[in-house]
Every structure is written in C-alpha cells, then in structure tokens.
Amino acid sequence: MATGRRGRPRVSSRAQVEVAAFELFLERGYAETSIMDIVAAAGISKTTFFRYFSSKAALVWFPFEESTRDLQRSFGTVDDEVPVMEAIRAGVIDTVAARLDDEGVWTAQIRILDASPELQAEGAQRWLVWSEVVSTFVASRIGTRPAAVVPAAVGGAVQSVVLAVLREGVRSPASPGEVLTTLDKSLASLGKSLQKWIDEQPYK
C-alpha cells in the first residue's frame, strides 16, 4: 500500500521514481495506481514528478523510448563495411543490455505492460516505431524505402525476436546475463538467414 511507504527516504533520480512506481503497479495494478500514490511512495512532490514524466504512462514507457533512441543513434555510427545484420545484432544487444538490471526493474516493466490493457494498446504502436528504426537502417544500407518488403520484414522479424526473448526471460525467470545470451544467439541465427536474403536483393 502507498500509505505504508510514507516513511521512505526522499528520492531524487528518475530511475528511483520508476522503481517506486513499478512496485505500486505490481502490487495494486497500473489502472488502480494514481500519480498521487506514486508521489507519496517516492517521497517527492507532484511538481517533481511532472519534471520527470508528462504522465503515468510516460513513466512506464520512458525506458523503452530511451532504448529506441539509443538504438537509432547506434546505427548512425556503424561503419559501412559491417554487414547489415551484424550491425543490427550488435546495436540491439548493446541497447537491451543497458536496460537490464539485477534488481529486476526490467522484469517488472514487462509484467506491468503485459498485465495492463491500457498499456498494451500503446505497446503495439511503440514496438512499430522500434521496428521502423531497424527498417530505416536496413533501407539506408540497401538503397530502398523503409516500407519496402525487405526492410519492413527485417524490422518486424528482429522486433518479434527481441520481444519474445524478453517475455520468456520473465516467464522462466532468467538473469540479465542469460537473457542477453539467448538474445545474442537468437539474433545471430536470424541474421544468417536474413543477411543472405539482403545480399540477394538487386539494390546497391
């Protein structure tokens, strides 16, 4: 209960507010937890909350959006000589690794997203944006549009693997290291097939 946390020391970082909120979401449910509940649990003011997040949903999605931006930035630094699928594998592993933690915050986020119909409705669109980052990178390397068959298919396939591995890591459960190992092997296997398909395309 939020009332039981009023003695908690005040927190000052965005990440600590996320932890306090995720605890409440898991205990009470996303829909049943208000911003005021989070403010009380975290020991912060409402003003501080809105300095970090524009809404309750934004709090849940912030790590995902940050990871998406990091992935996009990573593609911008890849040498042209690196094969497309190898660049994707490396970029995805790096950005996912940056979000996994031994305290279980990442597992809490997956559980909250999967248990909340309100968030699931947003999830499909946000994962589409993520997959489009991959598609745009593929398109830039083979000289076609992101919505063309090959880039779009690669983006969708990579996104499906990442989401499936993360969800399985929660159900298992698995440590962050185990999740990364499984993801790395899965993307490497997928990459072998997709790289061949990419190389066969009549693009540059």
Side-chain angles (χ1 to χ4, degrees), residues 13-15 18 52-53 58-107 109-110 113 122-170 172 174-204:
S13 76
R14 185 193 306 269
E18 289 172 358
Y52 288 145
F53 310 103
L59 183 154
V60 179
W61 286 114
F62 179 83
F64 184 89
E65 293 178 337
E66 192 173 52
S67 183
T68 301
R69 290 192 294 269
D70 287 347
L71 182 62
Q72 188 172 31
R73 282 193 289 267
S74 75
F75 289 153
T77 64
V78 176
D79 190 282
D80 289 342
E81 298 303 313
V82 178
V84 174
M85 293 308 303
E86 174 57 26
I88 291 173
R89 184 199 63 77
V92 170
I93 290 297
D94 285 348
T95 55
V96 170
R99 300 294 173 262
L100 298 186
D101 63 289
D102 292 324
E103 288 73 32
V105 175
W106 73 273
T107 61
Q109 185 184 28
I110 296 293
L113 294 175
E122 296 183 37
Q125 180 59 39
R126 291 177 185 271
W127 273 109
L128 177 60
V129 172
W130 188 96
S131 68
E132 286 176 346
V133 169
V134 177
S135 300
T136 298
F137 171 67
V138 176
S140 71
R141 291 291 295 269
I142 65 177
T144 188
R145 297 171 294 104
V149 173
V150 174
V154 172
V158 173
Q159 178 257 300
S160 295
V161 167
V162 172
L163 183 56
V165 170
L166 291 178
R167 281 177 168 159
E168 183 59 28
V170 171
S172 299
S175 69
E178 291 170 332
V179 171
L180 285 176
T181 296
T182 300
L183 182 58
D184 195 27
K185 290 180 178 178
S186 299
L187 291 175
S189 179
L190 177 69
K192 289 180 181 179
S193 298
L194 293 183
Q195 186 64 55
K196 181 179 179 181
W197 188 35
I198 291 170
D199 292 341
E200 291 173 348
Q201 300 309 304
Y203 307 124
K204 69 176 182 180

- Task: Rounded to the nearest 0.5 Å, what's the gap from CD on Q72 to CD on E132? Could you check?
- Result: 10.5 Å
- side chain to side chain contact (heavy atoms under 4.5 Å, CB included) between V162 and W130, worked out: CA-CA 11 Å; V162 172; W130 188 96; 3.8 Å; yes
- Query: At what distance, to the nearest 0.5 angstrom, does OG of S189 lie from CE of M85?
  - Reply: 10.5 Å
- Query: Short question: side chain of S74, backbone of L71 - any donor-acceptor pair under 3.5 Å?
  - Reply: yes
- Message: For a side chain to side chain contact (heavy atoms under 4.5 Å, CB included) check, start with the C-alpha distance between V149 and W197, then their side-chain angles and the critical distance, and finish with the verdict.
- Response: CA-CA 11 Å; V149 173; W197 188 35; 4.2 Å; yes
- Query: Roughly how far apart are Q195 CD and E200 CD, rounded to 0.5 Å?
  - Reply: 10.5 Å
- Message: Which heavy atom of A97 sits nearest to which heavy atom of L180, and what is that distance?
- Response: CB-CD1, 3.7 Å
- Item | Steps toward side chain to side chain contact (heavy atoms under 4.5 Å, CB included) verdict (L194, V84) | CA-CA 9 Å; L194 293 183; V84 174; over 6 Å; no
- Note on the structure: Between E178 and A174 the two heavy atoms that sit nearest each other are OE1-CA, 3.3 Å
- Item | Separation of L59 CG from E18 CD (nearest 0.5 Å) | 5.5 Å
- Would a 4.5 Å heavy-atom cut-off, applied to side chains only, mark V96 and L166 as touching? yes
- Just say parallel, tilted or perpendicular for the rings of F53 and F62, cut-offs at 30° and 60°. perpendicular
- List in chain and number order the residues that pass side chain to side chain contact (heavy atoms under 4.5 Å, CB included) with D70, two or more places apart in sequence or in another chain; answer none if no residue qualifies. E66, R73, T95, R99
- Taking every non-hydrogen atom, the tightest pair across T68 and V129: CG2-CG1, 4.5 Å
- Can you tell me how far the CD1 atom of I198 sits from the CD1 atom of I142, to the nearest 0.5 Å? 6.5 Å
- Nearest-0.5 Å distance that lies between atom CG in L100 and atom CH2 in W106: 6.0 Å
- Partner set under side-chain hydrogen bond (donor to acceptor under 3.5 Å, both in side chains) for E122, not counting sequence neighbours: W61, R126
- Query: Closest heavy-atom contact between G155 and S131?
  - Reply: O-CB, 3.5 Å
- Task: Please answer whether the main-chain N or O of Y52 pairs with a side-chain N or O of R14 as donor and acceptor at a distance below 3.5 Å.
- Result: yes
- What pair of heavy atoms forms the shortest contact from V78 to R141, and how long is it? CG1-NH1, 4.0 Å
- Query: Between T182, L183, T181, which is the residue that forms a side-chain contact (heavy atoms from CB on, under 4.5 Å) with K185?
  - Reply: T181
- side chain to side chain contact (heavy atoms under 4.5 Å, CB included) between T144 and V150, intermediate numbers included: CA-CA 9 Å; T144 188; V150 174; 5.9 Å; no
- Task: Sequence neighbours left out, what passes side-chain hydrogen bond (donor to acceptor under 3.5 Å, both in side chains) with W127? Give chain and number order.
- Result: none
- Query: S135 and A152: which non-hydrogen atoms are nearest, and at how many Å?
  - Reply: OG-CA, 3.6 Å
